[in-house]
Amino acid sequence: MIQVKNLKKKFKKTEAVKDISFSVNKGEIFGLLGENGAGKTTTLRMLATMLKPTEGTAILGDSDILKDPSGVRKKIGILFGGETGLYDRLTARENITYFAQLNDIDPKMLKTRIVELTKYLSMEEFIDRKVAKLSKGMKQKVAIARSIVHNPSIMLFDEATSGLDISAARTIHDFIHQCKAEGKAVIFSSHSMAEVEKICDRIGIIRRGQLVAIGTVEEFKKRHGMNNLEDTFIKMVGDQS
Ligand SMILES: Nc1ncnc2c1ncn2[C@@H]1O[C@H](COP(=O)(O)OP(=O)(O)OP(=O)(O)O)[C@@H](O)[C@H]1O
Ligand SMILES: [Mg+2]
């Protein structure tokens with residue numbers, strides 16, 4: 001479903017991503033684990049066609065990020081941490097509608113889809129309220145609805161739970177599991193080993209723009225002879241000097 005091929009990104013002075021390759025299957029959650037500045041966001045922004053690679057490419061579904069960026073955008077849902085990017089002055093429904101229109105969704109289908117999503121995420125109470133008046137958790141649900149309104153087969157999460165309290169983070173985790181159950185391919189970036197260990201099927205450890213290790217949680221534990229992935233992670237990203 002996702003094939004990343006020798007992806008590189010050089011900013012003026014920084015080689016943020018250096019020759020990264022990996023693939024993610026349908027129904028699989030792939031964790032991109034790395035410290036601050038390792039290159040997670042840069043990688044995901046290239047996959048989301050928000051940033052052009054210096055070299056290499058990626059195929060999402062059957063669309064190449066370089067040759068068919070608009071095809072890629074139709075297939076992906078994006079949930080990036082930090083600001084939700086919702087418009088405060090619009091209602092939840094208007095926000096979702098606006099993003100759906102950017103994705104060329106048929107207006108009739110959209111109405112049904114919003115009804116479905118409102119129910120799925122229990123947003124009945126606030127779907128017609130202005131986003132400015134919503135709580136953080138409510139806004140998060142609107143952001144989730146927006147990310148899947150076009151029913152994408154691929155989901156990209158960049159530090160989607162950073163700064164959230166436990167119950168809000170759990171909403172995101174449940175949503176990710178739901179995506180997996182629906183057969184979507186998921187990439188999930190995080191610095192938290194505990195989080196990645198809990199939700200991902202496979203993990204790639206990224207250090208200074210390079211994927212230094214890739215495997216299942218079990219494989220990591222076996223390979224390093226430890227019970228705890230956190231120790232393994234510290235061992236792998238450590239000794240940077
Ligand atoms: N637009 C940019 N211009 C110049 N350098 C950039 C730009 N975006 C990222 N970088 C640099 O690229 C490197 C990788 O950054 P990136 O944001 O991808 O890391 P990250 O793994 O997402 O880190 P964090 O965990 O802090 O979010 C860093 O050294 C960063 O300073
Ligand atoms: Mg980042």
Side-chain angles (χ1 to χ4, degrees), residues 2-24 29-58 60 65-66 69 72-73 76-86 136 139-140 143-144 146-147 154-165 168-169 172-173 175-176 185-200 202-215 217 220 229-241:
I2 305 173
Q3 282 171 284
V4 179
K5 300 177 175 177
N6 305 104
L7 213 51
K8 289 186 197 170
K9 182 69 194 182
K10 214 173 181 172
F11 295 109
K12 272 174 200 152
K13 283 187 191 149
T14 326
E15 264 195 280
V17 173
K18 306 171 189 162
D19 202 4
I20 282 187
S21 300
F22 64 89
S23 55
V24 186
I29 305 173
F30 183 82
L32 207 49
L33 182 62
E35 293 194 322
N36 291 126
K40 304 179 294 293
T41 301
T42 306
T43 302
L44 286 167
R45 289 184 71 209
M46 287 192 278
L47 297 183
T49 77
M50 294 152 75
L51 194 66
K52 214 169 168 197
T54 311
E55 274 180 55
T57 191
L60 279 75
I65 53 169
L66 296 179
V72 169
R73 285 195 284 269
I76 59 172
I78 305 169
L79 201 63
F80 282 12
E83 276 301 297
T84 54
L86 297 168
K136 207 157 107 183
K139 283 184 192 169
Q140 199 187 3
I144 291 178
R146 182 190 60 182
S147 75
I154 292 169
M155 285 297 299
L156 306 176
F157 295 89
D158 187 35
E159 309 257 359
T161 55
S162 79
L164 298 179
D165 62 27
I172 300 276
H173 290 169
F175 172 56
I176 291 172
V186 178
I187 303 182
F188 175 82
S189 91
S190 175
H191 339 70
S192 159
M193 327 69 173
E195 185 178 38
V196 159
E197 179 176 9
K198 203 167 102 192
I199 73 157
C200 296
R202 227 152 35 91
I203 302 172
I205 295 184
I206 181 168
R207 173 180 164 192
R208 295 183 185 175
Q210 281 177 312
L211 264 189
V212 292
I214 199 163
V217 174
F220 275 113
L229 191 64
E230 183 155 347
D231 296 341
T232 306
F233 173 70
I234 290 167
K235 202 170 150 188
M236 303 207 68
V237 300
D239 70 282
Q240 298 220 345
S241 51

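Below, each value reflects all heavy atoms present in this structure, side chains not excepted, and no hydrogens, waters or symmetry copies. We count ligands from 1, going down the list as the structure has it; atoms in each ligand are counted the same way.
- Proximity of Met155 to Ile176: side-chain heavy atoms (C-beta onward) are nowhere separated by under 4.5 Å.
- The residue Lys12 has no part lying near ligand 1, judged by heavy-atom distances below 4.0 Å.
- An N or O contact shorter than 3.5 Å is missing between Phe11 and ligand 1 by distance.
- The backbone N or O of Ala213 sits nowhere less than 3.5 Å from a side-chain atom of Arg207 that would complete a donor-acceptor pair.
- In this structure, the side chains of Val217 and Ile203 come closer than 4.5 Å at one or more pairs of heavy atoms.
- At the top of the distance list for atom 30 (C) of ligand 1, counting protein heavy atoms only, stands Thr14 CG2, 4.9 Å.
- Within the 2.8 Å limit, Thr41 places at least one N, O or S atom next to the Mg ion (ligand 2).
- Annotation: side chain of Phe22 is in contact with side chain of Ile187 (closest heavy-atom distance under 4.5 Å).
- Atom 7 (C) of ligand 1 lies below 4.0 Å from at least one non-hydrogen atom of the protein.
- Residue contacts with ligand 1, taken as heavy atom pairs separated by less than 4.0 Å, involve Asn36 via backbone and side-chain atoms alike.
- The main-chain N or O of Ala16 is never found under 3.5 Å from a side-chain atom of Thr14 such that the two would form a donor-acceptor pair.
- With Lys40 contributing its side chain and Ile206 its backbone, the two residues share no donor-acceptor pair below 3.5 Å.
- For atom 25 (O) of ligand 1, the nearest protein heavy atom (residue, atom name, distance) is Lys40 NZ, 2.7 Å.
- Ring orientation note: the planes of Phe175 and Phe157 are nearly perpendicular, at an angle over 60° on the 30°/60° scale.
- Taking a cut-off of under 4.0 Å to the non-hydrogen atoms of Glu159, the atoms of ligand 1 that pass are 25 (O).
- Using a 4.0 angstrom heavy-atom cutoff, Lys13 does not count as in contact with ligand 1.
- Put simply, the side chain of Lys18 gets close to the backbone of Arg208: a donor and an acceptor are under 3.5 Å apart.
- Of the protein's non-hydrogen atoms, Thr41 OG1, 2.7 Å is the one closest to atom 22 (O) of ligand 1.
- Among the atoms of Ala16, none of the N or O lies under 3.5 angstrom from an N or O of ligand 1.
- Heavy-atom distances between Gly34 and ligand 1 stay at or above 4.0 Å for every pair.
- Close approach of ligand 1 to Glu35 is summarised as follows: ligand atoms under 4.0 Å from at least one heavy atom of the residue are 21 (O), 25 (O).
- Geometrically, ligand 1 and His191 share a nitrogen or oxygen pair separated by less than 3.5 Å.
- Side-chain contact between Ser147 and Ile78 is absent, with no heavy atoms from C-beta onward closer than 4.5 Å.
- At least one N/O-N/O distance between Gly37 and ligand 1 falls below 3.5 Å.
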Practice task
Evaluate the criterion side-chain contact (heavy atoms from CB on, under 4.5 Å) for residue pair Lys10 and Glu55; output intermediate values, then yes/no.
Solution key: CA-CA 9 Å; Lys10 214 173 181 172; Glu55 274 180 55; over 6 Å; no

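- For atom 10 (N) of ligand 1, a protein heavy-atom neighbour is present inside the 4.0 Å cut-off.
- A distance of 8.0 Å separates CD1 of Ile65 from OG1 of Thr49, quoted to the nearest 0.5 Å.
- Among all protein heavy atoms, the one lying closest to atom 16 (P) of ligand 1 is Thr42 OG1, 3.5 Å.
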